[in-house]
Amino acid sequence: MKTLDTKGLKCPQPLIMLKEALVDLKMGEEIRVEIDNDTSLKNLVTYLKDQGVEPQVSSAGAVHTLVSLKPEKDLAGSNTAIYCTTDLPTSYVVCIKGERMGDGDPELGSLLMETFVDTLKLQEQLPTHVVLYNGGVKLAMKESPVCSSLSELEELGIRIMLCSTCIDHYGLQFDIGVGMISNMVVITETLAAAGHVITP
Amino acid sequence: MKFDLLSTIEYGGCSAKLPPGLLSEVLSKLPIATDPRLLVDVNTHDDAGVYKINDETALIFTTDFFPPICSDGYEFGEIAAANSLSDVYAMGGTPLLALNLMMFSQEKIPLDVFGEILKGGQDKVSEAGALIVGGHTIDDHPPKYGLAVVGTVHPDRLITNAGALPNDILVLTKSIGTGALVSGEKNGLCEHEDYRRALKQMKHLNRHGASLADKYGVNSMTDITGFGLAGHAMKMAEASGVSFRMRTQQIPLLPGAYEVYEKGSIPGATFRNLEFTDEHMHCTRGVDYNMKMLVHDAQTSGGLLMTVNPDHAGLLLEELNRLDPGISAVEIGEVLPESPRRIYFE
């Protein structure tokens, strides 16, 4: 395993060295970093976690040893297709127009919508945005059964957009659990730029 | 051989500011001065305190100082002064008087450097049309310099960071990346020319921005400094009770700044600022990692961030860029109603 000795170096030198070394590292290979600067250690961990790897840290006195895999997706620095999902021809926006999925029995419609949102986060290809309007905004309220699923999607970097006129119309200003309140300009812009739109 | 001021500070990019979260914690334990004449107090984390003297005049009072960010004393003085004056401009005011705040050890640094720093500061204050009327020096190393500045504004034309309205357009008047390029210069990771361009931008006064903000009825304004674009935007959105949406592809970067981050020369201050905004910020998957970090890059003497009615945005931008050809003002996003998070990047 390749080892970087960064002892005695101040930030951002350890990160500069790590980024340089990661370029030559093969996939699946690990790298070890010896480091005695607590701030730099914390920053290296933040950086690596942001790249999707979980570094192992062990400490002996003031010297820490960090071991990490090469990040699988080399997201840093480049607008790679993986990171910039909007570049993909398959990129899509989910547009939810009401509280329920489909016409017919309202109870069934609610259940279907719940299952749909819960399933969305499991998709290999995630949407770029979830746009909620009219009755759909109610799904993003704190009390909604799918609020937590929408929050998980947001954590994954999916933009949840709520129609502001609809929030006002239903008087829900103080009940919002997740999402970015958006006006029609932003919503139209998003729908127009979408690869395609899925409407459950 | 000319004395290199950068040699006096710890090499590396960990900037001098206290972590923002820590500062808020300490300040929260102190009683806040309240007085009906205080138009702006510390509550809204604005750029300066503002005190109403009468119906025609309010006093703007502010200070800032920091260790060297460049090698040359004169340039350091210019930048530190431009940075201190900026807080008055950010309130829509005009600077009148300034006091030098200097920490300097004559045992460690030749005395002529002291004079150069003061000269740089004085020239910048003169350019702003204000006067230096004294100051105070303490023996300390590494050196630090800045100003305490007094300015005025008509109480009705005060522009705080608390007036942003939904649908306003967000305008940024300078490119970001000064922290990146100072770090890049120290670590030999950027072109010297790019670093020089960053210094030039830092010396640039926010004077035109302030006067045009008044002319076009800007609703809210702040200057971008140590907490980075994201941190200051977050504070402004919070003070105004709104949320901001910003498009990272439109945020102007100083040439070379992106490359410095790409090479890993990300200052410690950036990580601290990221911790500060963390749960209040949302980035879509489309946001490039280095851009996410650069919006947290600590700025020295950064630009003004304004929110303006969409009907006036075009004219404001046009005139800003015409009067101030040295820097470029651009639209970077818009103001949204208050949402669960303060700032949304895409």
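Order of the sequence lines sets the chain letters (A, B, ...), proteins ahead of strands, with each chain counted from 1. The structure displayed is predicted, hence computed values, not measured ones.
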Between Asn309(B) and Asn219(B), a side-chain donor and acceptor under 3.5 Å: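 Per modelled atom types, Asn309(B) and Asn219(B) side chains form no pair under 3.5 Å.
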Any side-chain donor near an acceptor of the partner, Gln299(B) and Asp297(B), under 3.5 Å: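 Looking only at side-chain atoms, Asp297(B) and Gln299(B) do form a donor-acceptor pair, the distance falling under 3.5 Å.
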Looking at chain B, which one of [options] has the largest number of heavy-atom pairs inside 4.5 Å, strictly under?
options	value
Ile158(A), Ile167(A), Asn183(A)	Ile158(A)
Val23(A), Leu18(A), Thr46(A), Val185(A)	Thr46(A)
Lys42(A), Met17(A), Glu20(A)	Lys42(A)

Lys97(A) side chain vs Gly135(A) backbone, donor-acceptor pair below 3.5 Å: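 No: the side chain of Lys97(A) does not pair with the backbone of Gly135(A).
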Any donor-acceptor N/O pair, Lys70(A) side chain to Met27(A) backbone, under 3.5 Å: no
Measure [X] against the heavy atoms of chain A and call it side chain, backbone, both or neither at under 4.5 Å.
X	answer
Glu338(B)	backbone
Arg247(B)	side chain
Ser243(B)	neither
Phe244(B)	neither

Close aromatic pair by centroid cut-off 6.0 Å: His312(B) and Tyr216(B):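 Here the rings of Tyr216(B) and His312(B) have centres that are no less than 6.0 Å from each other.
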Segment of Gln173(A) engaging chain B (4.5 angstrom heavy-atom cut-off): neither
Parallel, tilted or perpendicular: rings of Tyr47(A) and Tyr289(B) (30°, 60°): perpendicular
Choice from Met293(B), Glu334(B), Arg341(B) maximising heavy atom contacts with chain A below 4.5 Å: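 Of Met293(B), Glu334(B), Arg341(B), Arg341(B) has the most heavy-atom pairs under 4.5 Å with chain A.
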Pi-cation contact, Tyr170(A) with Lys138(A) (under 6.0 Å, within 45°): yes
